[in-house]
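Remember, it's 1-based here, ligands and their atoms both numbered in the order they're listed.
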Amino acid sequence: MADRIGIGLTSQRARNRLVDQLRSMGITSEAVLDVVRTTPRHLFVDEALASRAYENTALPIGFGQTISQPYVVAAMTQVLVETGPMTRVLEIGGGCGYQSAILARVARQVYTIERIAALANRLRTRLYELKISNVRVRHGDGRLGWPAHAPFDAILVAAAAATIPTPLLEQLAVGGRAIMPVGRHGEQMLTLIRRTEDGYEEEGLQRVTFVPLLENVD
Ligand code: SAH
């Protein structure tokens, strides 16, 4: 149980400090701040890095991938929560599962796709251990989406590409939103796409840095 609650640098006090920091950086959604306050990020990273889990930085999770920076996770979640329904949400690039766990608390049902089998398996185990039961995990290429469960109210892509994959646009409900880092080299633009009755509207939100959205499956 001490594990779950955390002690010292992984304690509730550390999470509260992170929440204060996110607030000062412009996160205003109390729902999102509350979820960050109660989600044990230290359980999603290797034990050796647990003491750094509540720093506002990305950290390695193995396989050349990273757990996203808490500010970016909160900002992306806030945009989705504040722009429409969150009944069915698709996440691409589940990684260690921290973002999935956050989404699980603000959405009815989450579907997440991860291309690295070992990460997909670890994600499944972590969410099971945390008793989070409204996330379905799939090992596969997220660029294809998950047609069997479409349309989605919201799609969150946690890896960057030059453009948003067409299948993801097609699997968005009318009134649905997708958020994704768009751009090729190092720095990308976090982009919000809304599907309307007539088509798609795109809005650039802020500069971000994500790992690339890759082809094929490992
Ligand atoms: N939200 C995650 C971020 C992980 S980094 C977290 O907080 O841990 C991005 C993830 O996207 C990596 O795990 C990477 O393996 C995955 N990824 C990259 N290309 C992908 C693709 N085509 N389909 C599914 N996942 C992909």
- Which atom names give the shortest non-hydrogen contact between Ala158 and Val211, and what distance separates them?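 Smallest heavy-atom distance, with atoms named: O-CG2, 4.5 Å.
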Ligand 1 atoms in contact with [X] (distance to a heavy atom under 4.0 Å):
X: Gln99; answer: 1 (N), 7 (O)
X: Glu91; answer: 1 (N)
X: Leu213; answer: 19 (N), 20 (C), 21 (C), 22 (N)
X: Leu119; answer: 13 (O)
X: Gly140; answer: 23 (N), 24 (C)
X: Asp141; answer: 21 (C), 22 (N), 23 (N)
X: Gly93; answer: 1 (N), 2 (C), 3 (C), 4 (C), 10 (C), 11 (O), 16 (C), 25 (N)
X: Val211; answer: 5 (S), 9 (C)

- Go through the steps for Gln78 and Leu22 under the test side chain to side chain contact (heavy atoms under 4.5 Å, CB included), then give the verdict. CA-CA 11 Å; Gln78 172 166 286; Leu22 298 182; over 6 Å; no
- Any idea how Tyr98 and Phe44 line up, ring-wise: parallel (<30°), tilted (30 to 60°), or perpendicular (>60°)?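 Ring orientation of Tyr98 relative to Phe44: perpendicular.
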- Query: If you measure from atom 5 (S) of ligand 1 to every heavy atom of Ile113, Thr66, Leu59, which option wins on shortest distance?
  - Reply: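 It is Thr66 whose heavy atom sits nearest to atom 5 (S) of ligand 1.
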- Query: Among side-chain atoms of Asn121 and Arg124, is any donor-acceptor pair under 3.5 angstrom?
  - Reply: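 Side-chain D/A pair, Asn121 to Arg124: present.
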- Task: Verify whether one side chain among Arg105 and Thr38 offers a donor that lies under 3.5 Å from an acceptor in the other.
- Result: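 A pair is found: one side chain offers a donor N or O, the other an acceptor, under 3.5 Å apart.
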Taking [Y]'s backbone N and O only, do any of them form a donor-acceptor pair with [X]'s side chain (distance below 3.5 Å, no angle check)?
X: Asp46; Y: Ala48; answer: no
X: Arg177; Y: Leu80; answer: yes
X: Asp153; Y: Arg88; answer: yes

[X] side chain near [Y] side chain, heavy-atom distance below 4.5 Å:
X: Pro70; Y: Arg15; answer: no
X: Arg136; Y: His149; answer: yes
X: Glu82; Y: Thr28; answer: yes
X: Arg195; Y: Gln171; answer: no

- Query: Relative to ligand 1, is Val73 under 4.0 angstrom through side chain, backbone, both or neither, heavy atoms considered?
  - Reply: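 Within the 4.0 Å criterion, Val73 makes no contact with ligand 1.
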May I ask you to identify the nearest protein heavy atom to [atom], giving residue, atom name and distance to one decimal place in Å?
atom: atom 9 (C) of ligand 1; result: Ala158 O, 3.3 Å
atom: atom 19 (N) of ligand 1; result: Leu214 N, 2.9 Å
atom: atom 12 (C) of ligand 1; result: Gln65 OE1, 3.2 Å
atom: atom 3 (C) of ligand 1; result: Ser68 OG, 3.5 Å

So, is [X] polar-close to ligand 1, with some N/O to N/O distance under 3.5 Å?
X: Ile67; result: no
X: Glu114; result: yes
X: Gly142; result: yes
X: Arg115; result: yes

- Hey, is Glu215 one of the residues with a heavy atom under 4.0 angstrom from ligand 1?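 In this structure, Glu215 fails to qualify as a contact of ligand 1 - no heavy atom is under 4.0 Å.
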- Heavy atom of Ser100, distance to ligand 1 below 4.0 Å: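 Contact absent.
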